[in-house]
Peer 1: 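I'd like to ask some things about the structure below.
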Amino acid sequence: MQNNFSIYNSLSRRKEPFEPLHPPFAGLYVCGPTVYSDAHLGHARPAVTFDLLYRYLMHLGYNVRYVRNITDVGHLENDSDEGEDKIQKKARLEHLEPMEVVQKYMNTYHRNMDQLNVLPPSIEPRASGHIIEQQEFIKKIIESGLAYEVNGSVYFDVLKYSQDHNYGKLSGRVLEDLQTSSRALEGTDEKRNSFDFALWKKASPEHLMRWPSPWSEGFPGWHLECSAMSIKYLGERFDIHGGGMDLQFPHHECEIAQSTAALGEESVKYWMHNNMITIGGQKMARSLGNFITLDQLFSGIHPLLEQAYSPMTIRFFMLQAHYRSVADFSNEALKAAEKGLRRLMKAVGTLKMLKPSDSSTLDISGLKSKCYEAIDDDLNTPVLLSCLFDGVRYINSVNDGTERLSETDLTILSELFGTFVFGILGLKDEEENMEQGKLTEDLVNLVINMRQDAKARKEWAVSDKIREELAKIGITLKDTKDGVEWEKS
RNA sequence: GGUCGGUUUACCGAGUGGCUAGGUAGCGGUCUGCAAAACCGUUUACGGCGGUUCGAAUCCGCCACCGACCUCCA
């Protein structure tokens with residue numbers, strides 16, 4: 001199971017060689033969505049990033065277990081008057097059961113992920129299905145003396161934990177700074193310190209989602225599910241934990257503290273964080289009016305969108321930026337991505353038609369090496385794509401007859417594109433469905449033949465008019481030496 | 001206000017102490033009845049001010065701007 005794969009570990013703040021704890025197995029846990037609203041652009045980034053990681057680990061030959069949770073246990077909303085549960089609040093507005101809301105948005109999320117060609121994880125555990133495990137986890141932390149109970153709620157004692165452990169190591173926080181910079185909480189506070197966090201929360205009378213426990217009828221604290229479920233399915237020590245950069249603090253920091261408190265050792269070997277997205281240089285927020293759901297993006301129905309962008313355009317666009325950089329969305333950038341993707345896919349089609357020569361004038365092995373160097377370097381997909389576009393140029397040049405490739409090199413190149421474009425990057429050809437395509441093809445060919453007749457009679461005005469009219473309905477004709485080609489524009 | 005990260009050519013977006021990223025757009029050329037595609041060539045770069053260095057866009061400092069987090073929101 002040799003590999004040259006290195007990933008950036010947020011914990012060490014440097015790139016490290018990927019060496020799984022138990023080869024040939026690799027364990028990956030990623031924080032999934034909270035299902036209380038439609039999936040948006042912000043959901044797509046981590047999904048695509050870690051889908052890429054999942055695919056590459058499998059490509060390297062690892063037996064990967066990929067766990068991505070669904071958060072369906074609501075948590076208190078701080079800007080709500082009633083302190084209502086997010087999911088509960090939505091349920092009241094829509095007169096639905098909380099679990100009905102969960103189901104609805106979970107279905108949407110799954111559909112959108114499928115559209116983005118994001119592979120389903122090996123296990124998709126739901127927080128509501130692991131209440132027992134979370135309670136057992138709390139008991140362990142209480143046994144270790146690092147949690148305390150107040151009025152039916154249980155809190156993690158960060159100060160006591162920090163005597164023997166480094167709370168803040170992942171996010172670079174210093175406890176003293178947290179103490180002074182924390183905002184004062186209104187009302188009575190049960191916590192000993194503002195930076196303590198809830199492991200179990202007693203439910204208020206109007207709170208719908210509640211479970212019995214040794215401490216009170218209530219619900220688990222919001223950091224707990226990931227600790228409990230990752231360890232249940234991946235073991236007390238596992239390889240990679242991923243999520244958005246916004247989760248680094250406090251969520252992941254608290255996870256480290258909880259797991260260390262409960263198990264006596266840290267669970268995660270590599271922490272990976274994807275960066276955020278912006279729209280026109282601004283962060284996406286409902287209050288800024290630039291909040292775009294994936295369905296809106298795919299349909300183009302949103303005031304900011306000049307057109308619809310296909311799921312593969314979105315995926316390709318995200319892959320053109322490195323996952324640790326901010327990705328900025330704009331109509332201009334997405335249109336550029338759309339065209340770039342089409343060029344790539346066209347070349348894939350051309351590649352199948354290439355005829356081998358006796359020898360090669362291009363270095364295909366070198367290209368292959370560069371592709372692996374790029375992906376091995378902390379999933380550097382922008383560089384990988386630049387290498388693949390070099391390949392696109394190679395393909396087109398061979399097609400034009402200005403370069404040659406041997407049968408061996410042609411095979412390597414075909415495998416290379418198949419592996420990287422479809423297998424690892426997870427792109428797919430989005431051309432129209434087959435039956436529609438057949439009819440269109442027959443019709444277009446009919447018109448082309450009529451135009452060829454006009455051309456044979458040198459009736460240029462007629463042939464030009466046909467071409468222009470076809471262009472108006474989205475069919476572009478190209479007169480090549482070998483005949484007429486056409487494509488949808 | 002605090003912590004951390006960023007500021008690259010028209011747009012998006014990599015990278016590096018001296019050597020072409022790539023995509024999209026523009027311009028010129030090849031091909032072509034014309035156009036398109038493809039190929040070839042090509043233009044405006046590394047936020048500002050200092051410092052280190054033979055040499056910095058790449059290292060250091062300060063300033064400006066942007067973002068994430070600092071919330072019992074996930």
Side-chain angles (χ1 to χ4, degrees), chain A residues 13 31-37 69 71-80 83 86-87 127 153 155 168 171-174 177-178 180-183 185 189-191 194-199 201 219 221-223 225-226 243-251 253 273 275-278 281-283 316-317 320-322 324-341 343-344 346-347 350 374 377 380-390 392-393 395-397 399-403 455 458 460 463-464 467-468 471 476-481 485-487 489:
Chain A
R13 292 160 191 273
C31 290
T34 302
V35 281
Y36 66 86
S37 67
N69 68 301
T71 297
D72 61 349
V73 172
H75 299 286
L76 290 171
E77 198 175 40
N78 86 314
D79 59 352
S80 160
K86 264 194 176 169
I87 288 166
S153 293
Y155 298 96
S171 56
R173 295 296 196 286
V174 178
D177 295 344
L178 288 174
T180 53
S181 68
S182 266
R183 295 180 201 173
L185 292 165
D189 188 15
E190 298 170 338
K191 296 191 292 188
S194 58
F195 44 66
D196 287 352
F197 54 91
L199 297 173
K201 192 74 182 157
F219 51 94
W222 65 276
H223 307 302
E225 59 180 276
C226 291
M245 226 169 236
D246 53 332
L247 296 176
Q248 211 169 43
F249 188 89
H251 186 52
E253 198 71 61
H273 292 95
N275 213 319
M276 315 309 284
I277 58 124
T278 56
Q282 275 195 311
K283 67 171 176 177
F316 179 82
F317 179 76
Q320 270 197 312
H322 188 252
R324 284 192 289 114
S325 298
V326 173
D328 186 47
F329 282 73
S330 63
N331 281 290
E332 202 176 0
L334 285 170
K335 284 178 194 170
E338 187 178 53
K339 290 189 179 174
L341 175 62
R343 188 163 125 88
L344 179 65
K346 247 181 83 177
T350 305
D377 183 16
N380 198 329
T381 50
V383 170
L384 170 60
L385 280 167
S386 81
C387 294
L388 290 174
F389 274 104
D390 284 340
V392 167
R393 203 176 63 246
I395 290 166
N396 289 328
S397 294
N399 192 44
D400 285 355
T402 55
E403 302 281 0
K455 283 178 71 176
K458 297 200 186 298
W460 306 127
S463 69
D464 285 359
R467 188 174 61 201
E468 282 164 24
T476 307
L477 294 192
K478 290 175 288 185
D479 294 336
T480 71
K481 264 178 279 188
E485 289 178 14
W486 66 274
E487 66 178 9
S489 54

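Scope of the values below: all heavy atoms of this structure, side chains included, with no hydrogens, waters or symmetry mates. Letters go in sequence order (proteins before strands), and every chain restarts at 1.
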Peer 1: The side chain of A:R467 lies closest to which of these nucleotides: B:rC12, B:rC69, B:rC34?
Peer 2: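 Of B:rC12, B:rC69, B:rC34, B:rC34 is nearest to the side chain of A:R467.
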Peer 1: Can you tell me, in whole Å, how much space there is between the C1' of B:rU8 and that of B:rC46?
Peer 2: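 The answer is 4 Å between these two C1' atoms.
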Peer 1: Among B:rA14, B:rG33, B:rA68, which nucleotide sits nearest the side chain of A:K455?
Peer 2: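 It is B:rG33.
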Peer 1: Just call it for A:Y155: base, sugar-phosphate, or nothing, with non-hydrogen atoms closer than 4.0 Å on any strand.
Peer 2: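 Since a base atom lies under 4.0 Å of A:Y155, the category is base.
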Peer 1: Is A:K346 close enough to B:rA37 that one of its side-chain N or O atoms is under 4.0 Å from OP1 or OP2 there?
Peer 2: no
Peer 1: Rounded to the nearest angstrom, tell me the gap between atom CD in A:E332 and atom P in B:rG26.
Peer 2: 11 Å
Peer 1: Take atom C1' in B:rA37 and the same atom in B:rC31, then report the distance between them in whole Å.
Peer 2: 11 Å
Peer 1: Partners of A:R343 by salt bridge (Lys or Arg N to Asp or Glu O under 4.0 Å), sequence neighbours excluded?
Peer 2: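 Residues passing salt bridge (Lys or Arg N to Asp or Glu O under 4.0 Å) with A:R343: none at all.
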Peer 1: Below 4.0 angstrom from OP1 or OP2 of B:rC39, is there any side-chain N or O of A:N396?
Peer 2: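 For A:N396, the contact criterion (side-chain N or O under 4.0 Å from OP1 or OP2 of B:rC39) is met.
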Peer 1: Side chain of A:P382: nearest nucleotide among B:rA21, B:rG23, B:rC12?
Peer 2: B:rA21
Peer 1: Which residues pass the side-chain hydrogen bond (donor to acceptor under 3.5 Å, both in side chains) test with A:R324, sequence neighbours left out?
Peer 2: A:D378
Peer 1: What residues form a salt bridge (Lys or Arg N to Asp or Glu O under 4.0 Å) with A:R467, not counting sequence neighbours?
Peer 2: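 Here the qualifying residues are A:D464.
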Peer 1: Which comes earlier along RNA chain B counting from the 5' end, the contact point of A:R13 or that of A:S330, where each point is its nearest nucleotide?
Peer 2: A:R13
Peer 1: Would you please confirm or rule out a distance under 4.0 Å between OP1 or OP2 of B:rA68 and any side-chain N or O of A:N275?
Peer 2: no
Peer 1: Roughly how far apart, to the nearest Å, are B:rA57 and B:rG17 at atom C1'?
Peer 2: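 After rounding to an integer number of Å, I get 10 Å for this pair.
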Peer 1: On the 0 to 90° scale, with breaks at 30° and 60°, tag the A:F389-A:F316 ring pair as parallel, tilted or perpendicular.
Peer 2: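 Because their plane-to-plane angle is over 60°, the rings of A:F389 and A:F316 count as perpendicular.
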Peer 1: In residues 330-338 of chain A, what donor-acceptor pairs under 3.5 Å come from side-chain atoms, sequence neighbours left out?
Peer 2:
{"from": "A:S330", "atom 1": "OG", "to": "A:A333", "atom 2": "N", "distance (Å)": "3.1"}
{"from": "A:N331", "atom 1": "OD1", "to": "A:E306", "atom 2": "N", "distance (Å)": "2.9"}
{"from": "A:N331", "atom 1": "OD1", "to": "A:Y309", "atom 2": "OH", "distance (Å)": "2.5"}
{"from": "A:N331", "atom 1": "ND2", "to": "A:L304", "atom 2": "O", "distance (Å)": "2.7"}
{"from": "A:K335", "atom 1": "NZ", "to": "A:E306", "atom 2": "OE1", "distance (Å)": "2.5"}
{"from": "A:E338", "atom 1": "OE1", "to": "A:Q307", "atom 2": "NE2", "distance (Å)": "3.3"}
{"from": "A:E338", "atom 1": "OE2", "to": "A:Q307", "atom 2": "NE2", "distance (Å)": "3.4"}

Peer 1: Would you mind reading off the distance between A:E487 atom CD and B:rA38 atom C1', rounded to a whole angstrom?
Peer 2: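 To the nearest whole Å, that distance equals 11 Å.
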Peer 1: Does B:rA25 have OP1 or OP2 sitting under 4.0 Å from an N or O in the side chain of A:K339?
Peer 2: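 So the side chain of A:K339 is within the cut-off, an N or O lying under 4.0 Å from OP1 or OP2 of B:rA25.
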Peer 1: Can you sort out the partners of A:D328 under side-chain hydrogen bond (donor to acceptor under 3.5 Å, both in side chains), two or more places apart, ordered by chain and number?
Peer 2: A:T278
Peer 1: According to salt bridge (Lys or Arg N to Asp or Glu O under 4.0 Å), who are the partners of A:D479, at least two apart in sequence or on a separate chain?
Peer 2: A:R451, A:K455
Peer 1: Starting from P on B:rA21, measure out to CG on A:L385 and report it in whole angstrom.
Peer 2: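 Rounded to the whole Å, the gap is 17 Å.
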Peer 1: With the stacking rule set at 5.5 Å and 30°, tell me whether A:W460 counts as stacking on B:rG33.
Peer 2: yes
Peer 1: Which one, B:rC72, B:rA38, B:rU24, comes nearest to the side chain of A:D400?
Peer 2: B:rA38
Peer 1: Fill in the dot-bracket string of RNA chain B, one character per base: . for unpaired, | for a pair to another strand, ( ) or [ ] for pairs within the strand, taking Watson-Crick or G-U pairs under 3.5 Å.
Peer 2: (((((((..(((.....[...))).(((((.......)))))....(((((..]....))))))))))))....
Peer 1: CD of A:E253 versus C1' of B:rU3: gap in Å, rounded?
Peer 2: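 Distance check: A:E253 CD to B:rU3 C1' gives 12 Å.
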Peer 1: Any side-chain N or O of A:S325 below 4.0 angstrom from OP1/OP2 of B:rA14?
Peer 2: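 Answer yes for this pair, as a side-chain N or O of A:S325 is under 4.0 Å from OP1 or OP2.
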Peer 1: Looking only at atom C1', what distance separates B:rG15 and B:rG51, rounded to whole Å?
Peer 2: 25 Å
Peer 1: Please report the distance, rounded to the nearest Å, between CD in A:Q320 and P in B:rG15.
Peer 2: 14 Å
Peer 1: Mind checking A:F197 for me? I need base, sugar-phosphate or nothing, with any heavy atom below 4.0 Å counting as a touch.
Peer 2: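 No contact at all - A:F197 keeps every heavy atom at 4.0 Å or more from the nucleic acid.
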Peer 1: I'd like to know if the side chain of A:E225 and the backbone of A:A127 have a donor-acceptor N/O pair within less than 3.5 Å.
Peer 2: no
Peer 1: Base, sugar-phosphate, or nothing: which does A:A337 touch, judged by heavy atoms less than 4.0 Å apart?
Peer 2: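 If one applies the 4.0 Å heavy-atom cut-off, A:A337 turns out to touch nothing in the nucleic acid.
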Peer 1: Nearest to the side chain of A:A336, which nucleotide is it out of B:rC70, B:rG23, B:rG15?
Peer 2: B:rG23
Peer 1: Determine the interatomic distance between P on B:rU9 and the same-named atom on B:rU58; round to the nearest Å.
Peer 2: 15 Å
Peer 1: Expressed in whole Å, how much space separates the P atoms belonging to B:rA14 and B:rC4?
Peer 2: 23 Å
Peer 1: Looking for any heavy atom pair under 4.0 Å, which part of the strands does A:L344 touch: base, sugar-phosphate only, or nothing?
Peer 2: nothing
Peer 1: Between B:rC12, B:rA36, B:rC72, spot the one nearest the side chain of A:K478, thanks.
Peer 2: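 It is B:rA36.
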Peer 1: State which of B:rC72, B:rC69, B:rC12 makes the closest approach to the side chain of A:D246.
Peer 2: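 Selected nucleotide (nearest to the side chain): B:rC69.
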Peer 1: Once you apply a heavy-atom cut-off of 4.0 Å, does A:H322 come out as touching a base, just sugar-phosphate, or nothing?
Peer 2: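 It contacts sugar-phosphate atoms only.
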Peer 1: Taking atom C1' in both B:rC40 and B:rU16, compute the distance separating them and give it to the nearest angstrom.
Peer 2: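 One C1' to the other, the span is 27 Å.
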Peer 1: Rounded to the nearest 0.5 Å, what separates atom SG in A:C31 from atom NE2 in A:H273?
Peer 2: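 Reported to 0.5 Å precision, the distance equals 7.5 Å.
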Peer 1: On RNA chain B, does the nearest nucleotide to A:G172 precede the nearest nucleotide to A:D390 from the 5' side, or the other way round? Give the residue.
Peer 2: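 Looking at RNA chain B, the more 5' nearest nucleotide goes with A:G172.
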Peer 1: In terms of side-chain heavy atoms of A:K201, which of B:rC69, B:rA35, B:rC72 is nearest?
Peer 2: B:rC72
Peer 1: Do any side-chain nitrogens or oxygens of A:R343 fall under 4.0 Å of OP1 or OP2 in B:rG23?
Peer 2: yes
Peer 1: With a non-hydrogen cut-off below 4.0 angstrom, is A:K283 in contact with a base, only sugar-phosphate, or nothing?
Peer 2: sugar-phosphate
Peer 1: Holding to salt bridge (Lys or Arg N to Asp or Glu O under 4.0 Å), I want the full list of residues that pass it with A:K339, two or more places apart in sequence or in another chain.
Peer 2: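 Expected list: none.
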Peer 1: Please tell me which of the listed nucleotides, B:rC39, B:rC4, B:rG33, lies nearest to the side chain of A:D479?
Peer 2: B:rG33
Peer 1: Sticking with atom C1', work out how far B:rG13 lies from B:rU20, rounded to a whole angstrom.
Peer 2: 16 Å
Peer 1: Taking all non-hydrogen atoms of both residues into account, name the closest pair between A:S463 and A:W460 and its distance.
Peer 2: OG-O, 3.0 Å
Peer 1: Any side-chain heavy atom of A:E403 within less than 4.5 Å of one from A:R393?
Peer 2: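 No, too far: nothing below the 4.5 Å cut-off.
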Peer 1: Between A:P382 and A:A321, which heavy-atom pair has the shortest distance, and what is it?
Peer 2: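 That would be CG-C, 3.6 Å.
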Peer 1: Which protein N or O atoms sit under 3.5 Å from an N or O of nucleotides 40-44 of chain B?
Peer 2:
{"from": "B:rC40", "atom 1": "OP1", "to": "A:R393", "atom 2": "NE", "distance (Å)": "3.3"}

